[in-house]
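Here the structure comes first, spelled out in structure tokens, and everything after it is commentary.
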Amino acid sequence: FRQAAKQGLAVARYALGRCFLDGRGVVQDVEEAVKLFRQAAKQGLAVARYALGRCFLDGRGVVQDVEEAVKLFRQAAKQ
């Protein structure tokens, strides 16, 4: 996923973010996961917006912000 993520593929950025969030195949790094989710969300990937929203809802890698989480969930749902 790393190579495809470096090339800017949104779905690869999301998938690599999931790996970092869960520590699958890499050392767990929630902040890196959030960074990758943000990049993929900016590219319009709905599942990345949802994942980023979950991070805001749970306060994982970011300061907890329920309003931002709801905003991201709504954006993802519109897609």
How long is the span from the [atom1] atom in [X] to the [atom2] atom in [Y], to the nearest 0.5 Å?
X     : Y     : atom1 : atom2 : result
Leu72 : Arg38 : CG    : CZ    : 8.5 Å
Phe73 : Leu52 : CZ    : CG    : 9.0 Å
Gln79 : Leu45 : CD    : CG    : 7.5 Å
Lys78 : Arg49 : NZ    : CZ    : 10.0 Å
Asp58 : Gln64 : CG    : CD    : 7.5 Å

Notebook entry, point to check: Shortest non-hydrogen contact from Ala5 to Ala12?
Noted result: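 Minimum heavy-atom separation between Ala5 and Ala12: N-CB, 3.6 Å.
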Next item on the list: Identify the two heavy atoms, one from Ala33 and one from Gly17, that lie closest to each other, and give their separation to 0.1 Å.
Entry: CB-O, 3.2 Å
Next item on the list: Check the surroundings of atom CZ in Arg24: do more than 12 heavy atoms from other residues, nucleotides or ligands lie under 6.0 Å from it?
Entry: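 Yes, because the 6.0 Å sphere around CZ of Arg24 holds more than 12 heavy atoms from other groups.
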Next item on the list: Using a cut-off of 6.0 Å, state whether more than 12 heavy atoms not belonging to Phe1 lie near its atom CZ.
Entry: no
Next item on the list: Using the rule that two of Ile, Leu, Val, Met, Phe, Trp, Tyr join whenever any of their side-chain heavy atoms come within less than 4.5 Å, decide whether Val62 and Val70 are in one cluster.
Entry: no
Check: Checking Glu32 side chain against Phe20 main chain: does a donor-acceptor pair fall under 3.5 Å?
Finding: no
Notebook entry, point to check: Side chain of Asp65, backbone of Glu67: donor and acceptor closer than 3.5 Å?
Noted result: yes
Note to self: Does any part of the side chain of Arg18, heavy atoms only, come nearer than 4.5 Å to the side chain of Val47, both counted from C-beta?
What the structure shows: no
